[in-house]
Amino acid sequence: MSTGSTLDRGASPPMVRVRGLRKSFGDHVVLQDIDLDVASGEVVVIAGPSGSGKSTLCRCINRLEVADSGEITVAGRAVPLEGRELARLRAEVGMVFQQFNLFAHKTVLQNVCLGPVKVLGRKGDQAKQRAMELLDRVGVADHAGKYPAQLSGGQQQRVAIARALAMDPKVMLFDEPTSALDPEMINEVLEVMKGLAADGMTMVVVTHEMGFARSAADRVVFMDGGRVVEEAPPEQFFAAPRSTRAQEFLSKVLTHG
Ligand SMILES: Nc1ncnc2c1ncn2[C@@H]1O[C@H](COP(=O)(O)OP(=O)(O)OP(=O)(O)O)[C@@H](O)[C@H]1O
Ligand SMILES: [Mg+2]
């Protein structure tokens, strides 16, 4: 976790920089006027009601969606539209989804090694060694030889995190990583994420887990209707949300979540 406000982070450029982002599907504008900086080592939680554009924003950051206009840079470089440069960017931006999207016919170890071998050109042995370190880090090394279906949801999601980390990303995007999990498995995934945050990983996390936001986020960005409505450090956001929309949202998630 980083310290200090966005303003005192000094000369180093933000790890993720979004300016004037706009995205529509047909004539439905789902993101507009989005400005967002994520400093190196910062953990930003994106919160907001369903349909507010949280997933679309994540998907634009790693080019799973192409924005209509605006600027996105990762580690100071513009996000390319296609080709080799795009493959490299995808490697730099790890993404973890609600659905784990592991390859069902490959073992846990194979799932984690595939990207490093195919995309980064790592040697098999080297990739395996690194994969085992990462599986150990997320607490599933004992399951390396199993297939995803033999693991619990929480274990599969931790494998998905290890798989993303195996690409040595500069930033990790998490889109509701615990929403598909049974309640008893949520914490084991959040603990892994807190560990990553504590180790200095730059993270953008879409989540309704406000406990995670309170304890691990440097900043909460609240979205509604395709816009960033407010952003604040978690203590401020939870104690005194400025906008009516954030107040309404919090009264719902804190009562039912
Ligand atoms: N591929 C698509 N085609 C058309 N409309 C889309 C597409 N993806 C998203 N949308 C629309 O864009 C809006 C924002 O969707 P998005 O998934 O980003 O919201 P969200 O904040 O992630 O919501 P949730 O909390 O339900 O995941 C919604 O109105 C959604 O229906
Ligand atoms: Mg979403």
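The first residue of the sequence shown is numbered 1, and numbering continues consecutively from there. Counting convention: from 1, in listed order, for ligands and their atoms alike.
There is no protein heavy atom less than 4.0 angstrom from atom 30 (C) of ligand 1. Of the protein's heavy atoms, at least one falls inside 4.0 Å of atom 5 (N) of ligand 1.
The atoms of ligand 1 that sit less than 4.0 Å from any heavy atom of Ser55 are 17 (O), 18 (O), 20 (P), 22 (O), 27 (O). Remark: ligand 1 atoms within the under-4.0 Å shell around heavy atoms of Glu176 are 25 (O), 27 (O). Counting the atoms of ligand 1 from 1 in the order shown, those under 4.0 Å from a heavy atom of Pro49 are 21 (O).
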Handout entry: Derivation and outcome, side chain to side chain contact (heavy atoms under 4.5 Å, CB included), residues Glu133 and Gln129
Key = CA-CA 6 Å; Glu133 284 166 18; Gln129 192 188 339; 3.9 Å; yes
Practice task
Walk me through it: do Leu57 and Leu31 pass the test side chain to side chain contact (heavy atoms under 4.5 Å, CB included)?
Solution key: CA-CA 7 Å; Leu57 174 57; Leu31 293 176; 4.2 Å; yes
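Annotation: atom 26 (O) of ligand 1 to nearest protein heavy atom, Ser50 OG, 2.6 Å. Distance from atom 14 (C) of ligand 1 to its nearest protein heavy atom, with residue and atom name: Gly51 O, 3.4 Å. Ranking protein heavy atoms by distance to atom 21 (O) of ligand 1, first place goes to Lys54 NZ, 2.8 Å. Counting only heavy atoms of the protein, atom 1 (N) of ligand 1 lies nearest to Phe25 CE2, 3.5 Å.
Phe238 carries Arg214 over the face of its six-membered ring, with the cationic atom under 6.0 Å from the centre and within 45° of the normal.
Checked by atom type and distance alone, the side chain of Asp68 pairs as donor or acceptor with a backbone atom of Ser24 at under 3.5 Å. With Asp35 contributing its side chain and Gly20 its backbone, the two residues share a donor-acceptor pair below 3.5 Å. Without hydrogens or angle criteria, Gln110 side chain to Thr107 main chain gives a donor-acceptor distance under 3.5 Å. Judged by distance alone, the side chain of Gln156 and the main-chain N or O of Pro148 form a donor-acceptor pair under 3.5 Å. At distances below 3.5 Å, not a single donor-acceptor pair connects side-chain atoms of Asp37 with backbone N or O atoms of Pro14. Between the Arg219 side chain and the Pro234 main chain, no donor and acceptor come within less than 3.5 Å of each other.
With a heavy-atom cut-off of 4.0 Å, Thr56 touches ligand 1 through backbone and side chain alike. Residue-level proximity to ligand 1 for His28 is carried by the side chain, the only part with a heavy atom below 4.0 angstrom.
Geometrically, ligand 1 and Ser52 share a nitrogen or oxygen pair separated by less than 3.5 Å. Between Val30 and ligand 1, no pair of N/O atoms sits closer than 3.5 Å.
Residue side and main chain included, Ser55 places an N/O/S atom under 2.8 Å of the Mg ion (ligand 2).
Within the set Gly53, Gly26, Gly48, the minimum heavy-atom distance to atom 19 (O) of ligand 1 is found for Gly53.
Side-chain contact annotation: Asp224 with Ser52, donor-acceptor N/O pair under 3.5 Å absent.
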